[in-house]
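Chain naming here is simple, since letters A, B, ... match the order of the sequence lines and numbering starts at 1 in each.
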Amino acid sequence: MIKKGIIFDNFITQIIDEHNASGRFGGRVHTRFPPEPNGYLHIGHAKALVADFAIAEQYGGLTNLRYDDTNPVKEDVEFVDAIKEDIHWLGFDWGDREYYASDYFEQLYEMALQMIRQGQAYVDELSGDELREHRGTLTEPGRNSPWRDRPMEENLDLFERMRAGEFPDGSKTLRAKIDMSSPNINMRDPVMYRILHATHHRTGDQWCIYPMYDWAHGQSDSIEGITHSMCSLEYENHRPLYDWFIEQLGIFHPQQIEFARLNITHTVMSKRKLRLIVEQGFVDGWADPRMPTLAGMRRRGYPPEAILEFIATVGIAKNESFVDIELLEHIVRDELNLSSKRRMAVLQPLKLIIDNYPEGKTEMFDVKDFPQDPESMSTRPVSFSRELWIERDDFMEEPVPKYHRLSPGKEVRLMNAYFVRAVGLEKGPDGELLAVHCTYDPETRGGNAADGRKVKGTIHWVDSKTALDAEVHLYEQLFPDAYPEDLPEGEVFTQHINRDSKLVIGNAKLEASLADQKPGEVYQFVRNGYFTPDSAIDQDGKPTWLRTIGLVDTWAKMQK
RNA sequence: UGGGGCAUGGUGCAAUGGCAGCACACCGGACUUUGAAUCCGUGGAUCUAGGUUCGAAUCCUGGUGCCCCAGCCA
């Protein structure tokens, strides 16, 4: 299933190697990928996903899919399904090991009972504000709750009645009895259960108490026999608690390992913010091509191999870093450059009329699909006649220095066809350019001159007789103007959304062979970048295309 | 200012006491039926101050900078 074997050699594999050497887990490697089903997976999740699946695979181990669904008010089945699709798209599979933290609610409840019996958990009646106030600050220790030393029997009774639904939301919590003066705030009697009369997407109304992350995660790992539980750096402070619960319970003890999450320039990695964008209608859902979600990238035609390669290139370490999005785009282009078929497509059409080419004549050229690959024999027929479309910026009436394309009196090659020389212009009443007239040299058929003369420029074209009209969407990823991490949430954040990110080109001309494009396939439009057909059809019945990614434009750079 | 982490070219990642290397970006050149790609090449880094050592990015000590933690979120 996995398309590319990535071999990791990093601090995580070193830890695993040490475990294997010491025999701590009997040579077993079993990881889990634990998303919360409260949104779509984005490129940032791909790092954790690859770390969990690829590293386990590297050791011949297994990876479970486990939904961390302990907060019913934020979660939904829509996301459960979308997450599965994205994992499969990247080429990973969890077999029959699809689990949910909610599967363990009963076991976790029993474990909580055990903690109470061991005198290590108590029912607290402090309000939210009081609890915060008792917790202390970063520099001052907390104070014990007045309910902390309740008798064990009373705790048992109260906790059972919490489950039975006798108390309103927020009125009571179950807390671990650890140390209110710990320098690690997570150890200051953390909440294990809160009362929440909410309908859960899987357990319905069966429960009205829900476990907190810290109480659920480690035990879920333990129940599943997870050996290496990878998570992001912010959980380092939680590891002592993760270990403490498991030690007190006396159950199988997995190893939590933390690494830095992925940051990419010009890319929002906050699920909260992405949700805001979706909910406020700035985009067309989570799979909108402007979104940094895996679904959005898939729709744009990013190959999954490129994402895997990107994660492997970026590496997994504890350094917090900002990766330049140029690297991702480079890898996408690199992958697509080999796999995508070349096509000629004109985005901004300008009529080119060949004065000395017979009216009514059409000839066919067999054009290579992979001109870079000498082995490939794959071709498609392309028609050529007297009137063609060329790119508007492939002609300049008054050329600037070093302009190699068409200009009055100058000869260029029509790609795969003939040399032509511009001989005249057709202009409208306001002086706007309507068409360019040229003459062709019949001795240059196929694009090479019999006399060996060379031309500096080669331009692409589309036969006007057979051209397809298409609508082309040049989506840009959102927020190119700011690092979203710097922007606070809400109003200020949404003001920075790039509203021009959905440029539509309505009258593009495509070569006829693109009529039978395959959905999901990416084509390289000569000099315009990579494009993929979108499933949407516009009102005129014209096919629509999305730009996957642009080409590096050295000409634009020269102009600067 | 309590606790936990992290510091290597512009960016990201290696080097685990022995010549600081790779990729992207940048710059220069060659080639080209995509001004793309490809190929060749240049420049540029160990946060800081001491110490140990024949030898330190690596070990020790002090300092500095950045990130995380005070949800009944995960």
Exercise. Any side-chain N or O of A/Thr70 less than 4.0 Å from the OP1 or OP2 oxygen of B/rA74?
Worked result: yes

Exercise. Any side-chain N or O of A/Arg413 less than 4.0 Å from the OP1 or OP2 oxygen of B/rG35?
Worked result: no

Problem set entry | A/Arg527 vs B/rG35: side-chain N/O to OP1/OP2 distance below 4.0 Å | yes

For this session: Provide the distance between the two P atoms, one in B/rC27 and one in B/rA37, to the nearest whole Å.
Result: 13 Å

Exercise. Between B/rC47 and B/rC66, how far is it from one C1' atom to the other, in whole Å?
Worked result: 11 Å

For this session: Examine A/Tyr213 together with A/Tyr235 and report whether their ring centres are nearer than 6.0 Å.
Result: yes

Exercise. If you measure from CZ on A/Arg202 to CZ on A/Phe105, what distance do you get to the nearest 0.5 Å?
Worked result: 9.5 Å

Exercise. Would you call the rings of A/His217 and A/Tyr242 parallel, tilted or perpendicular if under 30° counts as parallel and over 60° as perpendicular?
Worked result: tilted

For this session: Give none if B/rG2 has no partner; otherwise give the nucleotide forming a Watson-Crick or G-U wobble pair with it, both distances under 3.5 Å.
Result: B/rC69

Problem set entry | G-U wobble or Watson-Crick pairing nucleotide for B/rC59 (cut-off 3.5 Å, both distances) | B/rG51

For this session: Could you check which of B/rC72, B/rG35, B/rC68 has an atom nearest any side-chain atom of A/Glu234?
Result: B/rC68

Exercise. Within the structure, does a side-chain N or O atom of A/Arg239 lie under 4.0 Å from either OP1 or OP2 of B/rG4?
Worked result: no

Exercise. Between B/rC72 and A/Arg135, is there an OP1 or OP2 to side-chain N/O distance shorter than 4.0 Å?
Worked result: yes

For this session: Grab the CD1-P distance between A/Ile311 and B/rC24 for me, whole Å please.
Result: 17 Å

Problem set entry | Parallel, tilted or perpendicular: rings of A/Phe159 and A/Tyr109 (30°, 60°) | parallel

Exercise. B/rC24 P sits how many Å from A/Glu326 CD, rounded?
Worked result: 12 Å

Exercise. Per the atom types in the model, does the base of B/rC68 pair as donor or acceptor with the side chain of A/Asn237 at under 3.5 Å?
Worked result: yes

Problem set entry | Closest-nucleotide ordering on RNA chain B, the 5'-leading residue of A/Tyr213 and A/Val552 | A/Val552

Problem set entry | Spacing of A/Glu130 atom CD relative to B/rA70 atom P, expressed in whole Å | 20 Å

Exercise. Should A/Arg343 and A/Leu510 be marked as a side chain to side chain contact (heavy atoms under 4.5 Å, CB included) after you check the CA-CA gap, both sets of side-chain angles, and the distance that decides it?
Worked result: CA-CA 8 Å; A/Arg343 289 292 183 267; A/Leu510 274 46; over 6 Å; no

For this session: Hey, which sits more toward the 5' end of RNA chain B by its nearest nucleotide, A/Glu36 or A/Asn416?
Result: A/Asn416

For this session: Searching all strands shown, indicate the nucleotide that pairs with B/rG44 (Watson-Crick or G-U wobble; both distances under 3.5 Å).
Result: none

Exercise. Do the rings of A/Phe531 and A/Phe525 sit parallel, tilted or perpendicular, given the 30° and 60° boundaries?
Worked result: parallel

For this session: In whole angstrom, give the distance that lies between atom CD1 of A/Ile185 and atom C1' of B/rG2.
Result: 8 Å

Problem set entry | Identified pairing partner of B/rC22, criterion: Watson-Crick or G-U wobble below 3.5 Å | B/rG12

For this session: Name the closest nucleotide to the A/Gln372 side chain, picking from B/rG4, B/rA36, B/rG35.
Result: B/rA36

Problem set entry | d(CD1, A/Ile7; P, B/rC22) in whole Å | 22 Å

Exercise. Would A/Thr267 and A/Gln477 satisfy side chain to side chain contact (heavy atoms under 4.5 Å, CB included), going step by step from the backbone distance to the final call?
Worked result: CA-CA 8 Å; A/Thr267 303; A/Gln477 193 167 282; 2.8 Å; yes

Problem set entry | Polar pair under 3.5 Å, donor/acceptor by atom type, side chain A/His238, base B/rA74 | yes

Exercise. Would one find a side-chain N or O of A/His404 under 4.0 angstrom from OP1 or OP2 of B/rG35?
Worked result: no

Seminar exercise, completed: Once base and sugar-phosphate atoms are separated, protein heavy atoms under 4.0 Å mark nucleotides 10-18 of chain B, 5' to 3', with B, S and - as -SSSS-B--

For this session: Specify the separation, in whole Å, of atom CZ of A/Phe525 and atom C1' of B/rA37.
Result: 18 Å

Exercise. Within the distance-only criterion (no hydrogens, no angle test), does the side chain of A/Ser102 pair as donor or acceptor with the backbone N or O of A/Asp69 below 3.5 angstrom?
Worked result: no

Problem set entry | Check: A/Arg405 side chain, B/rG35 base, donor-acceptor under 3.5 Å | yes

Seminar exercise, completed: Residues at least two apart in sequence or cross-chain that pass ring-ring contact (aromatic ring centres under 6.0 Å, His included) with A/His201, listed by chain then number, are none

